[in-house]
Amino acid sequence: MNLYDNYLRFNRVDSVRETPVGLVAELHGEQLRIDVLREDLVRIKISRGGVFDERPTFAVCADTSPSVPPFKVLVGDDAARLRTESLVVSLWMDPFRIDIHRTDGTVVFETAQDSNGTYESYATLNDAFTFVRRCNPSDAVYGLGEKTGRQNRKGRDFTLWNTDVLDPSATGEFTAGREAGDPRATRTSTEFDPYYVSIPFYYHQDRPSGQIAASFIDNGYRGAYDFTAAHQYRVHFSGGQYTEYVFAGPDMPGILEAYTWLTGRTALPPIWALGYHQCRWHKYSQEDIEALASRLRDEGIPCDALWLDIEYMDGYRVFTWNRELLPDVEALLGRLDEDGYRLITIVDPGVKVEPGYPVFDDAVERGVLCTTEGGDIYVGQVWPGNTAFPDFATEQAREWWGELNARHVQSGIAGIWNDMNEPATGSISPMGMRFGKGMYSHERFHNQYAMLMAVGTTEGLLKAMPDKRTFVLSRAGSAGIQRYAANWMGDNLANWDHLKMSIPMATGFGISGQAFVGADIGGFAGDSEPELFVRWMQYGALTPFCRNHSVIANRDQYPWSFGKAVLGIVRDALQLRYRLLPYIYTSFVRAAETGAPVQRPLVFDYQYDPIVTDMDDQYLFGPDLLVTPVLQPGMTSRQVYLPAGHWHDWHTGQIHEGQRHIVAATPMDRIPLYARAGAVVPMWEEAPSSTHSHAPDSVELHLFVPAKDGAHQSFLQEDDGLTLAATGGARIRTQLTVARTGSRVTLRAEATGDGFDGFAREEFVLVLHGAAPGTVSVDGNQTTPDANRITIPTTGQGFTVEFDI
């Protein structure tokens, strides 16, 4: 018997009428609503009890009401059709089904039939619902945020339920009953599912056309996506209403732009957050922290942030300090600030149940803690022992939490690290925890809990410090988390498999709207070893979030822990990151404005190239750098696929034609790295010890000369890196266009913006790669390059450079 045979199927539409935004249909006593949001985006909803839930989750932030693009509704005897400039929705009457096509006839989605020929459009049972769609055996599926295994999700099934992966109490139901050889029988495997973050947004790529459509289910309940069948896939949610946003595509960048318009984009981070972060779960004393800070500087390791895990607290009570270990926090923070460091502390949601502890007493008095069905305060078991949890589903609790975090940060802390926010409840089941002052089941807000925690934290910080950018790091999350926090990929292991897994996991995050991601460099649990640490650091230095983090009582994995040879390689890797910060920062500006990922899979830019469909071991860092990490021990070379175009080898300068495989050397001191021909990569001339007060008077523009005729766009944004003033125009943005016609190469720079306090640049130094012209014209004046370097005095003006090759 099929698990879904007893579900109640909706199989006939009784009536259809046009609305100002789309159409409404009557079926089985409920209403089906199709709303046009953009010409390539529609929303489909089905009521429960005749009522629509207009705010099923906190994911959607776009105001979808002001304007509706042109559309037409034609109601016939067998179907009603809603048409926009980009898509056609066909609502079939009897039997009921929904199909969506682009106006050229290509498929967005089509409803599947079961073995009896019955359409599986929508079925429901006890608040759960399911539907089935058609696919082809060779199709690809991407997205769903943080997932293990291959980036192409086709052939596997997934659960959306935020889970503390290393906790046997939380993972037991997902490993139970599996055979010993099943990789999902072990919670530490690179195939285990589910993980910490649940994002019900996926892309479906048709083969062989390469076109892509996408779906976002706005539902916070436990979800299940089953892509194991060759010709169809099933979506199931255990509660809530069916609300689906359908993106017609057909290109992935356009879909992601629309999805992040809908759910928000990664907030522009403070520039120091893009530096190197040193973290460890360790019982640091004040002297230990200062010694660590000094050694990083002495060893020439650039670093912006030091992190404190749970031991800094008094008995794991949030918003307290262990004064035995840290007797003078204020002095410590002052000295760290003088040396260019920021300090970040962990803040878990669990509040120790202890009358007399001010945070707990205040929470009880205000009524901001989660309760049980009977009205008691829900109690779990986390680090402090008996632990209560703020009811972040209420605005009151979020405001209270925001006030606590604001006071914490105003003491001198630079950012907030949210851990254990799945929510993790230890050996106590979380299901008794209710939300909204007991009104709502745990299931409704479980997956949203981390995001709502981040909402309270971020809004509290902005209220207290409205001119400053915030930095919050979260372990768990759901759709929309990118508006409030970065994500790291949880408690990974110090082994080669977890290093390799982190690439498709990060790029899966990126195409699911979260651009600010990274894995714990070196691995969190288990002992790292020299070669693994080197290769992870070389890779991690070229990821959006760059943090070295490890568990208590394990082998040290500081940059110097494996001797001088490793220290030198790690120093080089991090200095390269710091020199690239103008490029990295500008990539985050692009993400904040368009949703484009910083760490992106090749399919994002090359979806019509079938070779990249299952490519999980290389990626683009920003739009113009191709990174190919070393993922196995003892490798002295690796195969690299270069996509269309031409690519400059970062280390040797050799130019390679794309759409072919090459073999690249992988000596221990570097990993293969390539720059797109035609790109301009902005860099600092030298790596600073930190970004603190770093305002160079010279910035390098590395121009990688195009090998063929054409034009390529790049840009550089300079602003204060700390406040929100850039969004109001306090910036200098230099748009860079490189064009080649025959042997003539032209670089045109156009500068816009109002400038900003602290702007110190007086010149660009143009560095040419792939050409060595004898003379160069700068704004019509001839000059002779100095070893392929041309100095261009400018304090925010445009210029034109021309040369022949």
For a quick test of reading the model, state the closest non-hydrogen atom pair linking [X] to [Y] and the distance between them.
X      : Y      : answer
Tyr221 : Ser238 : CB-OG, 4.0 Å
Thr260 : Gly595 : OG1-CA, 3.6 Å
Arg398 : Phe392 : NH1-O, 2.8 Å
Tyr341 : Ala305 : CD2-N, 4.5 Å

Thr243 and Asn219: CA distance, side-chain angles, deciding distance, side-chain contact (heavy atoms from CB on, under 4.5 Å) verdict = CA-CA 7 Å; Thr243 298; Asn219 185 298; over 6 Å; no
Under a 3.5 Å distance rule, please check whether [X] uses its side chain to pair with a backbone N or O of [Y] as donor and acceptor.
X      : Y      : result
Thr163 : Ala170 : no
Gln514 : Ala485 : yes
Arg222 : Thr159 : no
Asn495 : Asp497 : yes
Arg434 : Tyr378 : no

message = Between Asp304 and Arg342, does the salt bridge (charged side-chain N to carboxylate O under 4.0 Å, His left out) criterion hold? Intermediate values first, please.
response = CA-CA 6 Å; Asp304 266 82; Arg342 315 275 175 162; 5.3 Å; no
Output yes when [X] and [Y] qualify as a salt bridge under the 4.0 Å nitrogen-oxygen rule, no when they do not.
X      : Y      : value
Asp314 : Lys352 : no
Asp616 : Arg150 : no
Glu399 : Arg366 : no

inquiry  = Between Asp391 and Thr394, does the side chain to side chain donor-acceptor pair (under 3.5 Å) criterion hold? Intermediate values first, please.
reply    = CA-CA 6 Å; Asp391 185 357; Thr394 70; 4.6 Å; no
message = Working note: Ser474 + Asn421, criterion side chain to side chain donor-acceptor pair (under 3.5 Å); need CA distance, chi angles, decisive distance, verdict.
response = CA-CA 8 Å; Ser474 179; Asn421 55 351; 2.9 Å; yes
query = Can you name the one residue among Trp307, Phe471, Tyr312, Phe545 that meets ring pair (Phe, Tyr, Trp, His ring centres under 6.0 Å) with Trp417?
reply = Trp307
key: Non-neighbouring partners of Glu311 that pass side-chain hydrogen bond (donor to acceptor under 3.5 Å, both in side chains), sequence neighbours left out   = Trp281, Tyr316
message = Just to verify, what does Asn418 make a side-chain hydrogen bond (donor to acceptor under 3.5 Å, both in side chains) with, not counting sequence neighbours?
response = none
request  = Could you tell me which residues satisfy salt bridge (charged side-chain N to carboxylate O under 4.0 Å, His left out) with Arg407, sequence neighbours excluded, listed by chain and number?
outcome  = none
Compute the centroid of each ring, for [X] and then for [Y], and state whether the two points are separated by less than 6.0 Å.
X      : Y      : answer
Trp488 : His277 : no
Phe319 : Trp401 : yes
Phe247 : Phe201 : yes
Phe174 : Trp161 : no

inquiry  = Going by the rule side-chain contact (heavy atoms from CB on, under 4.5 Å), which residues pair with Ser429 if we only count those two or more places apart in sequence or in a different chain?
reply    = Met431
task = Give me the ring orientation class for Tyr195 and Phe192: parallel if the planes are under 30° apart, tilted from 30 to 60°, perpendicular past 60°.
result = tilted
message = Counting only heavy atoms not in Gln396 (residues, nucleotides, ligands), do more than 12 fall under 6.0 Å from its CD?
response = yes
task = Take atom NZ of Lys437 as the centre, draw a 6.0 Å sphere, and report whether it contains more than 12 heavy atoms from other residues, nucleotides or ligands.
result = yes
Could you list the donor-acceptor pairs under 3.5 angstrom formed between side-chain atoms of residues 502-513 and any protein atom two or more places apart in sequence or on another chain?
unit_1: Ser502; atom_1: OG; unit_2: Leu499; atom_2: O; d: 2.7
unit_1: Ser502; atom_1: OG; unit_2: Tyr539; atom_2: OH; d: 3.3
unit_1: Thr507; atom_1: OG1; unit_2: Gln151; atom_2: OE1; d: 2.5
unit_1: Thr507; atom_1: OG1; unit_2: Ile503; atom_2: O; d: 3.1
unit_1: Thr507; atom_1: OG1; unit_2: Pro504; atom_2: O; d: 3.2
unit_1: Ser512; atom_1: OG; unit_2: Gly145; atom_2: N; d: 2.9
unit_1: Ser512; atom_1: OG; unit_2: Gly508; atom_2: O; d: 2.8

key: NZ or CZ of Arg547 within 45° of Phe524 ring axis and under 6.0 Å   = no
query = Run the side-chain contact (heavy atoms from CB on, under 4.5 Å) check on Arg469 and Asp720 step by step: do they pass?
reply = CA-CA 11 Å; Arg469 303 180 199 177; Asp720 64 28; 4.1 Å; yes
Worked verdict on Trp261 versus Thr64 for side-chain contact (heavy atoms from CB on, under 4.5 Å) = CA-CA 10 Å; Trp261 165 79; Thr64 60; 4.0 Å; yes
inquiry  = Run Phe237 and Tyr225 through side-chain contact (heavy atoms from CB on, under 4.5 Å) and show every step you take.
reply    = CA-CA 9 Å; Phe237 279 82; Tyr225 287 76; 3.7 Å; yes
ask   = Taking it one step at a time, do Thr57 and Asp218 satisfy side chain to side chain donor-acceptor pair (under 3.5 Å)?
value = CA-CA 6 Å; Thr57 75; Asp218 191 12; 2.4 Å; yes
query = Name the one of Arg475, His549, His498 that satisfies side chain to side chain donor-acceptor pair (under 3.5 Å) with Asp491?
reply = Arg475
Ser215/Glu244 under side chain to side chain donor-acceptor pair (under 3.5 Å): CA gap, chis, key distance, verdict = CA-CA 7 Å; Ser215 162; Glu244 182 178 19; 2.6 Å; yes
ask   = Taking atom CG of Leu308 and atom CD1 of Ile413, what is their separation to the nearest 0.5 Å?
value = 7.0 Å
Nearest-0.5 Å distance that lies between atom OG1 in Thr387 and atom CG in Leu369 = 11.0 Å
Donor-acceptor list for residues 445-457 side chains, cut-off 3.5 Å, not counting sequence neighbours:
unit_1: His446; atom_1: ND1; unit_2: His442; atom_2: NE2; d: 2.7
unit_1: His446; atom_1: NE2; unit_2: Asn162; atom_2: O; d: 2.7
unit_1: His446; atom_1: NE2; unit_2: Glu422; atom_2: O; d: 3.4
unit_1: Asn447; atom_1: OD1; unit_2: Asn162; atom_2: N; d: 2.8
unit_1: Asn447; atom_1: ND2; unit_2: Leu160; atom_2: O; d: 3.2
unit_1: Asn447; atom_1: ND2; unit_2: Gly220; atom_2: O; d: 3.4
unit_1: Gln448; atom_1: OE1; unit_2: Phe58; atom_2: N; d: 2.9
unit_1: Gln448; atom_1: NE2; unit_2: Arg444; atom_2: O; d: 3.3
unit_1: Tyr449; atom_1: OH; unit_2: Pro390; atom_2: O; d: 2.9
unit_1: Thr457; atom_1: OG1; unit_2: Met453; atom_2: O; d: 2.9

